[in-house]
Each structure stands twice: as structure tokens, then as C-alpha cells.
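Every number for a ligand or one of its atoms is a count from 1 in the order of the listing. The analysis underlying the following values was restricted to heavy atoms, covering all of them including side chains, and did not include hydrogens, waters or symmetry mates. Counting from 1, the numbers follow the sequence of the chain as shown.
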Amino acid sequence: MLDEPGTGRPADYATGGLVHLNGNSLGPPRRTLAAELTRVVDEQWAHRQVRAWFQDGWLDLPRVVGDKLARLLGAAPGQVVIAGETTSTVLFNAMVAACRLRADRPVLLVEAESFPTDLYIAASVARLLDRELVVETRDGFDHHLAHRGEDVAVAVASPVDFRTGERRDIGETTALCHSVGAVSVWDLSHAAGVLPTDLDANGVDLAVGCGYKYLGGGPGAPAFLYVAERLQSTVDFPLTGWHGHADPFAMSGEFTAADGIDRARTGTPPLLSLVALDHALDPLLEAGIDALRARARELGELFVELVERDVPGAVLASPRDPDRRGGHVALRIAGADKVERALAERGVLVDARPPDLLRVAFAPLCTTRDDVRRAVAVLHDVIGGDADPASDAGRGVR
Ligand SMILES: *Cc1c(COP(=O)(O)O)cnc(C)c1O
């Protein structure tokens, strides 16, 4: 197991003595990160200055790190690039490009449970390209594809519901899209680094995700993009920056898309953030995605069992079957935001999502079983007892 005594893995992360179970962004950094950044600044930047872009491989880093990440995502090399933007911009790029692959179809289909930015971007893309936006809840999404799918250009979905953690099967949904001729776009933000996504085996078309959740890339880590090799020569991105040009340094006045995944690049990448993401990926790759998944599943199960035993007032908002959940568990608790703050005051970081969800995420390499026990004990103190009259957060669950 990854955190049996002696392996020392969680000790490799600088936790500040806190329990990190927040699923929205930042986990703790590796203790070696600062030294790695210093190395790049001192040995590369300071030493070679601008020449480091070529001499230290900086220009290739978005693809090199992309190939590393590809191993976690179940993709062969040459299909993932660290796009250097936010998930939102990368999603925009992917959605427009996907719609352009189906110019003759009117509908852009999105899951209603999507993360807000996905809904906002889809609405904007539909407006921009004069398509019809169809927003359907989970079952309606499948139903729409199955019964009216021949109108669908692009279907956008996530393998993990960001609120409840409920999974959507990537292979089944992608196959359903393909059976009606629609293009699939996946947002892997809550899956990358904690769930096998098997992008190649599942026949996924395009996928995006952020670098700062389970991948641990740090504050504002750049997002990634996957484009299946079979689509790379035809896919036409709206963001046509010079780094996506076939010959960026020719400084041509006309855009000619690069071959392969490089055409998805836009401009100068955020080098230091890329280095931090690269550094975060190493222990994840060493563990392998199956072990990461098994570990997150085990920690999630421990949490649910302890909550059922010690915090009977909390209602599980996630599926009880661990195979139907991603890397996090959500509890339904009135005043979840107050509970979040009360837990934080006691050193346990989780996150609340309106109106009443408390999300608890289990980053496999930096979370211990003791962290889980401590979190449940503190949760019990905060909402399970009457000890803290200042917190009225628990009322709804008693
Ligand atoms: C966290 C998250 C994002 C974040 O988007 P940014 O533009 O990187 O802030 C997007 N989509 C999903 C599903 C997320 O969970």
C-alpha cells in the first residue's frame, strides 16, 4: 500500500500540519518542489538566459510533460499537450474545434451537472457558432443522444460529477456519441490523477482538464488537452497562436497549423508552472493510476464507514458504492459553508459547494488513514455534538 509505515510517501509533502481533503484546487506541494524550481532558475534561466528556451528544452516542455501525463490518462505519446492556459480557455478551444468537425449538425449537448465554466463556455460557443445549446441532466443527456443524437455535433461530459462524485462511464458515453456520429469532449478535471480514464482504449475524441487538482501542479497550474491522433490532421482550433504554427520562428504572416498535437498550442508557455506540474507528476507516475485509484477508493471507504458510525446526522450525497464514485465523497449538511470554516479552524481543509454539500477529496499520495480518522473526529466535534454553540451549522442534520 502507498502509505504503509516506512514508505514515507505522505511525508514527502509539505502539509503544514493540516489535513488536506479539499477537492477544488490546491493540495500540498512536494517538499522537493522549491529546490526543483530553484534549480531551473539558477542552472537554466540565470545561466543561459533566453537561450534556455532552446538549450534546456523549454520550448518542448508542453509536449514532454504532456507525454508524461498521457501515461496517467491511458494515452499513447503525441496526443496530450500542456496547453498553458486555464481549463476554461482550453475547453473553449476544444469545443469550437469539435463543433467545426460537425459543421452540418445544429446541437451542442452539455450535461446540466457540469462544472459552471463548462456551461458558460458551451453557451458562448453555441452563440458564437450559431448552434443550439441543449443542457440535459444525466439521464436526459443519454436519452437525447440515443433518440435525437443525429442532430448532435458535440457532446460535453465529465467522468466525475464535481458535486456528488458520481461517475459517468467514459467508454459507454463515447460509444454512444460515436453510434450517432457525434464528437465527444470530456472534462477530466476531477478524474486526472485519481481515476483510470483509458482515453485511447475508450476511443475518446478530445479531452481537457486542469493541472491543479489531483495532479497537484500548484496554484494556477496550466491545463491540458488531449486530441486523438486520428483527428489531429483535421482538427481546426479557433486559437491560432504562433506556437501552434508549423514553423513558429519563420514569422510568417499566415497561419499554417503544425502537425500533430502541436497545433493545439497557442503562445509562450508558463515555464515555471510547467516545471512545477512536471515535478508533481513524477510520484504519480511511479505509483501508477491503478494504485492511485485503489488508494483513493480505500480512503473514501474508510471515510464513509467512519462517518456512518460517528456522524450519523450526515447524509451521503455520493453513491454508496465506491465503484460508482470518483476520488471524492460529498456529504449533504445544512450550512455546509459554516462547517467548512469550522473544520478549517481545526486544521481540516475540505470544501463546501452551495447550497449544502461538503466535499471531501482523497488525494492518494498525500493523504493518510490517520488524516481520514482525524477529519471524521473533527467533523463529529463540529456537527455531531453540542460542544460548539457558536456553530449553528449542525442543526439541519440533527
Ligand atoms: C476545476 C474545474 C475547472 C477549472 O477551470 P479553470 O479555468 O482551470 O479555473 C473546469 N472544469 C471542471 C470540471 C473543474 O472541476
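- Proximity of Ser88 to ligand 1, defined as any heavy-atom pair under 4.0 Å, is shared by backbone and side chain alike.
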Sequence neighbours left out, cut at 3.5 Å: what donor-acceptor pairs do the side chains of residues 67-76 make with other protein atoms?
| unit_1 | atom_1 | unit_2 | atom_2 | d |
| --- | --- | --- | --- | --- |
| Asp67 | OD1 | Gly78 | N | 2.8 |
| Lys68 | NZ | Asp278 | OD1 | 2.4 |
| Lys68 | NZ | Asp282 | OD1 | 2.7 |

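- Scanning the protein heavy atoms around atom 2 (C) of ligand 1, the nearest turns out to be Lys213 NZ, 2.4 Å.
- If you number the atoms of ligand 1 from 1 as listed, the ones under 4.0 Å from a heavy atom of Thr117 come out as 10 (C).
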Problem - Evaluation steps, salt bridge (Lys or Arg N to Asp or Glu O under 4.0 Å), between Glu166 and Arg324 - result: CA-CA 6 Å; Glu166 184 167 1; Arg324 292 182 49 220; 3.2 Å; yes
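- Looking only at heavy atoms of the protein, atom 4 (C) of ligand 1 is closest to Tyr212 OH, 3.1 Å.
- Comment: Arg100 engages Asp236 in a salt bridge, judged by a side-chain N to carboxylate O separation of less than 4.0 angstrom.
- Between Glu301 and Arg320 there is a salt bridge, since at least one side-chain N of the basic residue sits less than 4.0 Å from a carboxylate O of the acidic one.
- The shortest N or O to N or O distance between Asp187 and ligand 1 is below 3.5 Å.
- With a heavy-atom cut-off of 4.0 Å, Leu91 does not touch ligand 1 at all.
- When the side chains of ILVMFWY residues are joined at heavy-atom separations under 4.5 Å, either directly or via intervening members, Ile289 and Val160 end up in two distinct hydrophobic clusters.
- Nearest protein heavy-atom neighbour of atom 8 (O) of ligand 1: Thr87 OG1, 2.6 Å.
- Ring-plane geometry between Phe303 and Phe362 is classed as tilted, the angle between the planes lying from 30 to 60 degrees on a 0 to 90 degree scale.
- Those atoms of ligand 1 with a heavy atom of His190 less than 4.0 angstrom away are 15 (O).
- The part of Phe115 lying near ligand 1 is the side chain, judged by heavy-atom distances below 4.0 Å.
- Val107 is not connected to Val96 by any chain of hydrophobic side-chain contacts under 4.5 Å among Ile, Leu, Val, Met, Phe, Trp and Tyr, and they are in different clusters.
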